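Just so you know, these numbers use all the heavy atoms, side chains as well, and skip hydrogens, waters and symmetry mates. Just so it is clear, the model here is predicted, and its values are computed rather than measured. The chains referred to below are lettered A, B, ... by the order of the sequence lines, with proteins before strands, and numbering in each begins at 1.
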There are 4 protein chains.
Amino acid sequence: MTQLAHAGQAASRSGDDVQDVHQGRRHDLAVAALHTWSEYGYSHVSVRNIARRTRFSHGMVHYYFRSKDALVAECVRIIQESHIFGADVSAAGDVLAVSHIVADAICDSLRTHRRLHRIRFDLRNQSQFERELRGYALEVEHAHDVAVQAIRRRYETLGWTFDPPFELLAIQVDALRERAVRADLLGDDLPVAVTQLRTDLLRVLPG
Amino acid sequence: MTQLAHAGQAASRSGDDVQDVHQGRRHDLAVAALHTWSEYGYSHVSVRNIARRTRFSHGMVHYYFRSKDALVAECVRIIQESHIFGADVSAAGDVLAVSHIVADAICDSLRTHRRLHRIRFDLRNQSQFERELRGYALEVEHAHDVAVQAIRRRYETLGWTFDPPFELLAIQVDALRERAVRADLLGDDLPVAVTQLRTDLLRVLPG
Amino acid sequence: MTQLAHAGQAASRSGDDVQDVHQGRRHDLAVAALHTWSEYGYSHVSVRNIARRTRFSHGMVHYYFRSKDALVAECVRIIQESHIFGADVSAAGDVLAVSHIVADAICDSLRTHRRLHRIRFDLRNQSQFERELRGYALEVEHAHDVAVQAIRRRYETLGWTFDPPFELLAIQVDALRERAVRADLLGDDLPVAVTQLRTDLLRVLPG
Amino acid sequence: MTQLAHAGQAASRSGDDVQDVHQGRRHDLAVAALHTWSEYGYSHVSVRNIARRTRFSHGMVHYYFRSKDALVAECVRIIQESHIFGADVSAAGDVLAVSHIVADAICDSLRTHRRLHRIRFDLRNQSQFERELRGYALEVEHAHDVAVQAIRRRYETLGWTFDPPFELLAIQVDALRERAVRADLLGDDLPVAVTQLRTDLLRVLPG
DNA sequence: CATGAATGAGTTTTCATTCAT
DNA sequence: TATGAATGAAAACTCATTCAT
């Protein structure tokens with residue numbers, strides 16, 4: 001549960017507590033929603049299922065979130081702020097170092113934020129069918145793209161040129177991540193899947 | 001609708017028409033279900049939604065399918081029989097020819113069976129959350145694997161060795177297909193997406 | 001199954017077979033209905049449940065019986081004709097002999113026709129709530145009364161006078177029979193229940 | 001309706017009214033269910049039928065009762081708490097007095113709780129066919145047995161010995177009660193039936 | 001004669017949402 | 001703020017009945 005820890009509680013010091021408490025509650029509820037989502041899938045995320053996970057009533061959820069949609073929006077905000085796609089490649093001195101950092105970052109993120117990754121893939125899939133999810137899915141995909149482009153720039157700064165184009169590599173990497181996420185839920189051991197993932201990533205990344 | 005055409009209509013033989021008519025109806029209903037599925041996603045494939053697409057009552061659907069599960073089973077059967085993963089590479093004389101045939105087959109299948117492909121990806125995703133779907137998802141993935149291995153063997157017969165391993169290439173190809181499927185529904189032009197897919201496939205396939 | 005055997009098939013000799021075949025079918029269907037009834041209770045006797053027990057389609061049931069009600073009527077007729085309440089006490093020379101004959105007859109009937117007895121009690125109960133069953137329940141109860149009165153007359157002919165009145169004894173005997181029927185379905189051993197019943201009957205019957 | 005009156009209305013204390021109001025509603029709904037049950041039989045006790053009796057929607061019933069089974073459980077609880085089998089024979093000085101108290105208690109209970117008695121017999125019957133009812137039926141029968149044994153002890157304390165055994169007498173008494181319950185619903189006058197019952201009881205009870 | 005296609009009302013249950021307090 | 005009462009639509013499924021063939 002550490003991975004979805006409550007970030008807003010430190011805000012309870014200053015004067016305008018009210019706002020902060022409100023935000024804290026919203027956050028807590030959204031975290032509960034994320035848990036439900038990652039375990040049962042979007043279509044089973046019901047307001048009551050979420051409330052059951054918290055100390056709050058189901059009316060509360062509607063008090064803090066105008067609708068289920070607003071709740072999804074908050075969930076997406078949390079995903080964004082978790083920087084689950086980031087890899088700090090600024091210190092890497094050569095292409096191989098970048099690849100190692102990237103592979104490690106992906107695997108670490110999968111270990112600590114597997115729920116969020118699973119949600120991302122579910123969101124991307126569902127957004128094909130539920131109009132109201134498209135905006136959120138695009139936001140998350142955009143965050144992914146931004147992180148990916150930063151990596152690309154580092155590779156290119158270090159003199160690597162991609163052929164086939166970088167984009168296709170990015171798609172492959174993302175597909176490997178998705179496979180690891182699926183393996184996890186389908187019963188396969190997460191650590192094993194992540195180890196396998198690391199091996200595979202190093203095979204396809206430059207170097 | 002042409003892509004999901006009615007296979008049972010040839011039922012004009014003689015005595016056992018009854019069975020054929022029955023099977024025809026079952027097929028028609030399953031096709032209606034596939035349409036609903038591909039447009040609204042699995043979680044909105046309800047018996048009533050399907051009936052609404054037909055000239056029949058919802059009781060009818062239950063008349064032909066004991067349960068929703070039986071309906072899904074028939075849908076999966078149709079997907080299987082559509083051979084949406086097949087590529088006849090037996091005639092290919094060199095590696096490049098194989099790649100072209102594979103790329104063309106994938107693109108053709110996407111054009112004629114885009115609904116089924118979309119359903120496959122949705123099924124694969126939902127099966128993570130809905131136990132009763134796992135068997136079906138595994139069946140479809142197995143069909144995919146079988147088709148993919150046939151291609152691999154042809155490549156290897158023609159002397160190609162894969163490094164990184166073939167499996168990673170297959171995942172990449174499948175991810176490209178998924179992207180094209182998503183592009184379609186997200187508003188991008190299908191023909192454009194398929195053209196792009198073909199270009200991309202030829203870039204990653206051997207040759 | 002012997003207890004609900006088909007009585008109408010011997011009629012297939014004469015010229016007007018048609019009628020007889022028709023009656024035979026009606027009988028067979030009603031027997032299937034009786035089986036369903038005794039196992040699942042009246043409220044679960046559905047036309048399809050019955051048809052499933054036979055070699056016929058569910059449309060057949062409606063072909064032979066205008067409605068579920070007509071089917072019930074036929075079931076009741078079969079119960080009546082099975083003489084499940086009868087005891088031939090004409091040969092009994094003294095009161096004790098009558099009591100033994102009655103006890104034995106009740107136990108024998110329970111062994112060979114336990115299904116019908118169970119149905120009788122279920123019918124009597126349901127008829128309180130479903131108007132259309134009342135007539136049938138009353139018919140069956142009347143048959144019971146007739147058989148009971150014959151026994152009473154024999155006792156009185158042999159010089160026995162009942163105090164408390166015979167009617168109260170009849171109610172007690174019937175309640176003991178009902179208890180044995182319930183014991184059977186609730187898992188207790190039928191033979192044991194019948195043996196117990198015999199002992200109890202001999203304790204309350206004259207002599 | 002007096003016989004099934006609302007027990008929770010005293011909920012005017014202070015802080016924990018909420019609970020009481022909730023319990024009150026539950027009780028009210030269960031009472032509505034008991035009415036439906038006693039009039040139409042268990043197989044017609046549907047959530048919608050019950051809601052139709054109240055000013056509430058059928059969703060409400062599900063709000064208060066997780067499932068139909070929970071509703072039945074509450075109904076049974078109400079039956080238990082109504083002590084419909086009790087007779088205070090502690091003050092009776094001789095056997096005849098016990099018999100009179102018992103007869104009067106049975107008749108009084110039948111007058112004030114005839115619905116509950118009818119439900120008991122229906123429950124006992126249906127429990128033969130519906131597994132999920134067995135536990136409830138056994139509970140109610142156990143309550144009956146407990147009350148009956150208390151009476152037996154009083155008789156025996158006062159020196160009466162039963163031959164035939166007490167158990168057979170209890171069955172007879174219960175059967176007489178059932179007959180009165182049936183007479184009521186089948187159209188016969190309740191007061192008349194109860195008067196008759198009293199006479200009959202005094203004929204079979206000791207003294 | 002006999003079938004099974006077809007319907008519509010019924011069952012239990014879940015759920016997003018609104019709202020009075 | 002926060003609760004939980006209340007609703008109505010929707011889900012999967014069952015069933016008696018009608019009817020064309």
What closest approach, in Å, do A:Ala33 and A:Cys75 show between heavy atoms, and which atom pair accounts for it?
CB-SG, 3.7 Å
Is there any side chain to side chain donor-acceptor pair (under 3.5 Å) pair reaching into residues 59-76 of chain B, and which pairs are they, with sequence neighbours excluded?
B:Asp69-B:Tyr136, B:Glu74-B:Arg77
For D:Val47 and A:Ser43, find the nucleotide of DNA chain E closest to each by heavy atoms; which residue's nucleotide sits nearer the 5' end?
D:Val47
Under 4.0 Å, heavy atoms only, any strand: does D:Arg55 hit a base, just the sugar-phosphate, or nothing?
sugar-phosphate
Considering every strand and a 4.0 Å limit on heavy-atom distances, what is the contact class for A:Val45: base, sugar-phosphate, or nothing?
sugar-phosphate
Rounded to whole Å, please give me the gap between NE2 in C:His62 and C1' in F:dA16.
5 Å
Answer yes or no: does a side-chain N or O of D:Ser46 lie under 4.0 Å from OP1 or OP2 of E:dT11?
yes
Rounded to whole Å, the NE2-P distance (A:His44 to E:dA16) equals 11 Å
What one should report as the nearest heavy-atom pair of D:His58 and D:Val47 is O-CG1, 3.8 Å
From CG of A:Asp69 over to C1' of E:dA16, roughly how many Å is that when rounded to an integer?
12 Å
Global bending angle along the helix from E:dA2-F:dT21 to E:dT21-F:dA2, which compares the axes of five pairs at either end, to 10 degrees:
10°
With heavy atoms under 4.0 Å as the rule, sort D:Phe56 into base, sugar-phosphate or nothing.
sugar-phosphate
Which nucleotide sits closest to the side chain of D:Arg25: F:dA5, F:dC13, F:dA16?
F:dA5
Hey, is the side chain of B:Asn49 poking within less than 4.0 Å of OP1 or OP2 on F:dA11, counting only N and O atoms?
yes
In whole angstroms, the gap separating P of F:dC15 from CE of B:Met60 amounts to 19 Å
Apply side-chain contact (heavy atoms from CB on, under 4.5 Å) to the pair A:Glu130 and A:Tyr42, showing each step before the final yes or no.
CA-CA 11 Å; A:Glu130 320 212 15; A:Tyr42 178 77; 3.7 Å; yes
Would you mind checking if A:Glu39 and A:Arg118 are paired as a salt bridge, meaning a charged N to carboxylate O distance below 4.0 Å?
no
Considering every strand and a 4.0 Å limit on heavy-atom distances, what is the contact class for A:Arg66: base, sugar-phosphate, or nothing?
nothing
Just how far, in rounded Å, is P of F:dA6 from CZ of A:Arg48?
13 Å
How is D:Ser57 classified with respect to the nucleic acid when contacts are heavy atoms under 4.0 Å: base, sugar-phosphate, or nothing?
base
How close do C:Phe129 and D:Trp37 get, counting heavy atoms only, and between which atoms?
CE2-O, 3.8 Å
If you measure from OG1 on B:Thr36 to CZ on B:Arg52, what distance do you get to the nearest 0.5 Å?
9.5 Å
Whole-Å distance, C:Tyr63 OH to F:dA20 C1', equals 15 Å
Measure from NE2 on B:His58 to C1' on E:dA5 and round the result to the nearest Å.
15 Å
Closest approach to the side chain of B:Ser67, judged atom by atom: which nucleotide of F:dC13, E:dA5, E:dT13 is it?
F:dC13
Taking the side chain as everything from C-beta on, heavy atoms only, tell me whether C:Val31 gets closer than 4.5 Å to C:His27.
yes
C:Tyr40 OH to F:dT14 C1', straight-line distance once rounded to whole Å:
16 Å
